[in-house]
K.L.:
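Below is one structure. I have some questions about it.
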2 protein chains.
Amino acid sequence: MPELRRDPVIGRWVIISTDRNRRPIGLTQVNKNYGTVPCPFCNGNEEKTPYEVMAFGAPGRQANKPGWRVRTVPNKFPALGIEGHLHRDGEELYDKMDGFGAHEVIIETPDHSLDLEDLDESQIQEVFWSFRERIWDLKKDSRLEYILVFKNRGADAGASLSHSHSQLIATPMVPMRVKQELRGADEYYEKKGRCIFCDIIASEKQKNIRVVEENEDFIAITPFASRFPFELWVLPKAHESDFEKIQKHQVVRLAQIMKSLLKRLNYVLERPPYNFIIHNSPMRFDGLLYYHWHIE
Amino acid sequence: MPELRRDPVIGRWVIISTDRNRRPIGLTQVNKNYGTVPCPFCNGNEEKTPYEVMAFGAPGRQANKPGWRVRTVPNKFPALGIEGHLHRDGEELYDKMDGFGAHEVIIETPDHSLDLEDLDESQIQEVFWSFRERIWDLKKDSRLEYILVFKNRGADAGASLSHSHSQLIATPMVPMRVKQELRGADEYYEKKGRCIFCDIIASEKQKNIRVVEENEDFIAITPFASRFPFELWVLPKAHESDFEKIQKHQVVRLAQIMKSLLKRLNYVLERPPYNFIIHNSPMRFDGLLYYHWHIE
């Protein structure tokens with residue numbers, strides 16, 4: 001059983017997981033394909049994953065059979081498990097909880113040869129719809145405080161299978177990095193009465209030196225204090241703290257800008273490894289004035 | 001000229017450095033040797049590095065000539081530069097400063113074939129003495145707020161040259177991670193009136209399940225909330241916030257325990273890549289009751 005443990009000095013929670021040792025990793029990425037053979041995410045291999053939790057597919061398609069376009073399944077080697085009760089415990093300096101939570105994989109396409117940015121925009125939209133639907137579903141469990149949606153592309157970015165996929169981890173605590181962001185944004189709001197991300201968008205649009213791309217609903221910038229070369233942030237232009245409240249027209253434009261940005265990265269860097277993370281507000285908050293969801 | 005930039009949301013300072021693109025990196029680690037040929041850190045190649053700032057060597061040895069055992073030189077491709085004045089600037093949301101600071105390399109041995117743990121303990125002691133001496137020297141510049149001493153071993157851990165070396169970066173701001181640690185330790189002290197690291201040492205000694213090794217002056221533990229498999233912390237048993245106040249008998253025992261721990265890692269993991277960082281208190285503080293220097 002995995003366990004969540006809190007660093008007593010800085011307060012960071014860490015997932016202590018032993019089962020993930022059994023994952024099919026360790027293969028060197030000598031070409032575009034890595035991971036296990038046959039690929040468990042390919043069309044026709046549905047029985048090689050745990051039972052799906054949702055899928056977009058052809059009308060009348062049976063669950064766990066071919067015919068899907070985007071398919072969400074529990075991670076076979078989960079960092080956290082959804083079974084049982086959440087037990088919180090502490091002894092002297094050390095706080096811990098059961099490794100309670102969810103770890104799911106969003107398989108973005110049945111085609112092994114395609115990357116997220118190669119897909120039709122309509123299919124990329126379904127990937128983002130899947131994120132949205134899964135968050136609404138998991139939100140029903142009040143023990144889950146945060147849902148982290150992310151993608152690792154490439155073995156160097158931490159992916160253990162090359163077939164295009166994203167992941168979701170739902171935890172009973174808010175990650176430290178999110179807490180820092182919430183604290184910083186809250187302090188700014190207390191002082192200025194404005195959302196700091198809205199101010200960043202306004203400032204970047206006015207300066208127009210770090211804006212990479214823009215459409216009606218989203219703006220992509222290289223942040224002022226980038227940690228990595230080619231770091232990109234994508235922010236909705238309208239203030240909104242909760243990703244899962246994304247509207248249809250926004251999903252359309254998010255798919256459009258993400259496809260375009262990833263294609264640009266491929267063009268400049270020759271299909272680089274990358275990570276993206278959706279920065280969202282914690283589940284127990286709703287409609288925060290000081291926080292603004294975005295993708296880094 | 002490099003620049004320090006502050007993330008407006010979470011307050012993290014980032015070094016924006018363009019010159020480091022010119023470093024000799026990008027070579028795949030196909031064997032133990034990687035980096036440039038001939039190796040600038042080898043005995044006899046002293047003219048391939050900037051002029052040394054200090055060295056331990058044979059009596060009567062000339063600076064920048066062979067005959068040294070441990071040699072400290074400025075990084076040829078520094079993340080920060082020590083020249084000029086420190087200029088702090090801000091515009092709306094965005095704060096920045098000149099990339100003022102120091103970036104030095106501690107070459108741990110003239111012998112290309114040896115790793116830190118292969119050296120005689122007396123030589124490992126000189127590596128730690130070098131850290132100590134450089135900190136005392138750089139501390140004289142009151143613009144420098146923090147001195148980060150660290151080692152990357154192996155290309156996968158970020159080393160660009162295979163010849164055994166450590167590094168030091170002195171900055172005009174305190175890194176965010178250090179601030180978090182100081183804040184957490186201070187809060188604990190306010191509540192309990194004790195150093196949290198001293199309490200961790202006492203608790204681990206009493207439980208004796210995470211103690212890896214111990215000598216008269218140091219204890220090595222695997223922390224309760226490890227972020228990585230085989231994570232190790234080495235703490236001085238006597239309370240002390242400032243690494244640079246380390247005493248002779250402690251340097252002897254620090255060299256002993258570090259050599260032993262690194263040899264154990266080599267034995268179990270077949271010479272793994274690793275990073276170590278000395279967590280030290282900021283330069284402007286002295287003799288803090290709530291902070292305790294250590295190596296992670």
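Computed over heavy atoms, backbone and side chain alike; hydrogens, waters and symmetry mates excluded. Here the structure is a predicted model, which is why all the values come from computation and not from measurement. All chains are named by letter (A, B, ...) in the order of the sequence lines, taking the proteins before the strands, and each is independently numbered beginning at 1.
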K.L.:
Any idea which of Val9(A), Leu182(A), Val14(A) has the most non-hydrogen atom pairs under 4.5 angstrom with chain B?
P.N.:
Val9(A)
K.L.:
Could you pull out the closest heavy-atom pair between Ile200(B) and Pro8(A), with the gap in Å?
P.N.:
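Of all heavy-atom pairs spanning Ile200(B) and Pro8(A), the closest is CD1-CG, 3.9 Å.
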K.L.:
Kindly indicate whether the side chain of Glu92(B), heavy atoms from C-beta on, has any atom under 4.5 Å from the side chain of Asp199(A).
P.N.:
no
K.L.:
With a 4.5 angstrom heavy-atom cut-off, could you sort out which part of Tyr188(B) is near chain A: side chain, backbone, both or neither?
P.N.:
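Contact with chain A: side chain only.
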K.L.:
Counting C-beta onward and ignoring hydrogens, is there a side-chain heavy-atom pair between Pro223(B) and Asp7(A) closer than 4.5 Å?
P.N.:
no
K.L.:
Please say whether more than 12 non-hydrogen atoms of neighbouring residues, nucleotides or ligands are located less than 6.0 Å from CZ in Arg284(B).
P.N.:
no
K.L.:
Between Glu3(B), Arg183(B), Arg6(B), who has the most heavy-atom pairs with chain A when the cutoff is under 4.5 Å?
P.N.:
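Most heavy-atom pairs under 4.5 Å with chain A: Arg6(B).
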K.L.:
Report the option among Pro229(B), Ala185(B), Ser203(B) that has the most heavy-atom pairs separated by less than 4.5 Å from atoms of chain A.
P.N.:
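Of the options given, most contacts go to Ser203(B).
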K.L.:
Contact between Arg12(B) and Gln180(A) at the side-chain level, heavy atoms closer than 4.5 Å - yes or no?
P.N.:
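No; the side chains remain at least 4.5 Å from each other.
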K.L.:
Tell me, out of Met176(B), Arg177(B), Glu187(B), Lys192(B), who's got the most heavy-atom pairs with chain A below 4.5 Å.
P.N.:
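Highest number of pairs under 4.5 Å: Arg177(B).
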K.L.:
Evaluate the side-chain proximity of Tyr94(A) to Lys207(B): yes if any heavy-atom separation is below 4.5 Å, no if none is.
P.N.:
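Counting from C-beta outward, Lys207(B) and Tyr94(A) do come under 4.5 Å.
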K.L.:
Sort out for me which of Asp95(B), Ile15(B), Leu4(B) touches chain A most, counting heavy-atom pairs under 4.5 Å.
P.N.:
Asp95(B)
